[in-house]
Amino acid sequence: IAAIVASGDLVYTWDLATDRIDWIGAVGQVFGTNGTPAPQSGDLFNGRINPEDLPLRMQALSEHFTGVRNYDCEYRVRSSDGSFHWVHDRGGVGFSSSGTPVPRSGTLRIVNQRRQVQAQLEFLANYDELTGHYNKLRLREALDHALAYSVRYSQNGAFLAVGVDQLDRINTAYGYEVGDTILVEVANRLDRCLRTTDVIGRLGGDRFGILLHACGEQDPVLIGERILQRIREIPIQAVGEQIHVTASIGAISFPDQSRTS
C-alpha cells in the first residue's frame, strides 16, 4: 500500500454485482482532502466525472465488457473543492465460468501536466500565441473552405489584409513589448468591428487577415473604412504614453475576383 501511495496512483476494485468501489492509494490527491468521502459506488463516481467526458468513459466500459477492446481512457474527475483533475484510467474485468463479470480492478493516475502540454501544443497548431486569433495556416484553411462554399452556392465573400503602419518604428522607439501591446489592441479593435460570423487571423508580423462571409459588393469597403477609423480614433496606451496608430487595408472579393486562397 505504501508503494501505491508513494507512486501517486489510485487503485480501485469495483464489485459490479453490488456496485461498490474500494479505493487504495492517493485518494486525497484525486478527490480532495476536505472531509468529503471518495465515491463508494459506480453511480456516485459517475457523478464526479465531468459531464462532457462521461459518455466517452461509458463507451469505453461498454466496449470492454463486450470484448471489443481493453479498457483504457482519460477523463476529468471533480475534486471536493470543485476543480477537475485529468486522470488516466486503466483496468480490466474477468468473467466467471457462467459468463458473469467478477469484480473489476483498475488504476487512476493524475495526468494534468501532460494534458496541459497537449492542450498548449494543440492551441499553437491553430492559433497565434500573441493575439489568440487563427494563425496563418488555420486562416488559410478557413479561406479555402469559404471559397469552395462561395463557388458551390454562389455566395459572395471577401478577404481583407490589414497592416499596422510603421510597426517597425514603434518597435525601434519603444521596444518589442510595446509593439506586441499594439498588435493585441489592434486585434481587439478588429473584433469589435466585425460580425460573429467573420474570421480574424494573424498573417504574421504586422499583418492580419479578415475573412468576411456572405457580404455585399460594398461591404468590404464599408467595413474597411470602419476598421481604419476604429484603429486611429483612440490612441493606444503603452509605457505611460499615448501612441497613435494607423493601418492600411487591401481587399479582394470572391468568387468574382479570385477562386484560390
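The first residue in the sequence is number 1, and the count goes up from there.
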### Query
Mind checking whether N135 and L203 have side chains closer than 4.5 Å, heavy atoms only?
no

### Query
Is the shortest heavy-atom distance from the side chain of T181 to the side chain of Y174 under 4.5 Å?
no

### Task
Salt-bridge test for R189 and D191: reply yes if a basic N is under 4.0 Å from a carboxylate O, no otherwise.
no

### Query
Within a strict 4.5 Å, meaning less than it, do heavy atoms of the Q40 and R20 side chains meet?
yes

#### Entry: Donor-acceptor contact below 3.5 Å, side chain R78 vs main chain I49
no

### Query
Considering all heavy atoms of both residues, which atom of E233 and which atom of P235 are nearest to each other, and what is their separation?
O-CD, 4.1 Å

### Message
I'd like to know if the side chain of T66 and the backbone of S62 have a donor-acceptor N/O pair within less than 3.5 Å.
### Response
yes

### Message
Could you check whether H133 and D128, counting side-chain N and O atoms only, form a donor-acceptor pair closer than 3.5 Å?
### Response
no

### Task
With rounding to the nearest 0.5 Å, note down the distance linking CZ in R230 to CG in L190.
10.0 Å

### Query
Hey, would you say the W23 and F31 ring centroids sit under 6.0 Å apart?
yes

### Task
Specify the closest pair of heavy atoms between V162 and A247, including all atoms of both residues, with the distance to one decimal.
CG1-CB, 4.2 Å

### Query
Just by distance, with hydrogens left out, do E122 and Q118 show a side-chain donor and acceptor under 3.5 Å apart?
yes

#### Entry: Joint hydrophobic cluster, I223 plus V186, side-chain heavy atoms closer than 4.5 Å
yes

### Query
Nearest heavy-atom pair of V87 and L108: which atoms, and what distance?
CG2-CD2, 4.1 Å

### Task
Can you label the angle between the Y75 ring and the F45 ring as parallel, tilted or perpendicular, going by 30° and 60°?
perpendicular

### Query
Ion pair present between D53 and R76, side-chain N to carboxylate O less than 4.0 angstrom?
yes

### Query
What heavy-atom pair brings L139 and G201 nearest, and what distance separates the two atoms?
CD2-CA, 3.9 Å

#### Entry: Neighbour count >12 (heavy atoms, 6.0 Å) for atom CD, Q257
yes

### Message
I need the minimum non-hydrogen distance between I110 and Q29, along with the two atoms involved.
### Response
CD1-O, 3.6 Å

### Query
Side-chain contact, heavy-atom cut-off 4.5 Å: Q242 with Q237?
yes

### Query
Is it true that F254 and F159 have ring centroids separated by less than 6.0 Å?
no

### Query
Does the pair R57/E52 count as a salt bridge with the N-to-O cut at 4.0 Å?
no

### Task
Kindly give the heavy-atom pair with the smallest separation between L183 and L167, and that separation in Å.
CD2-CD2, 3.8 Å

### Query
Can you check whether V30 reaches V77 side chain to side chain, under 4.5 Å on heavy atoms?
yes

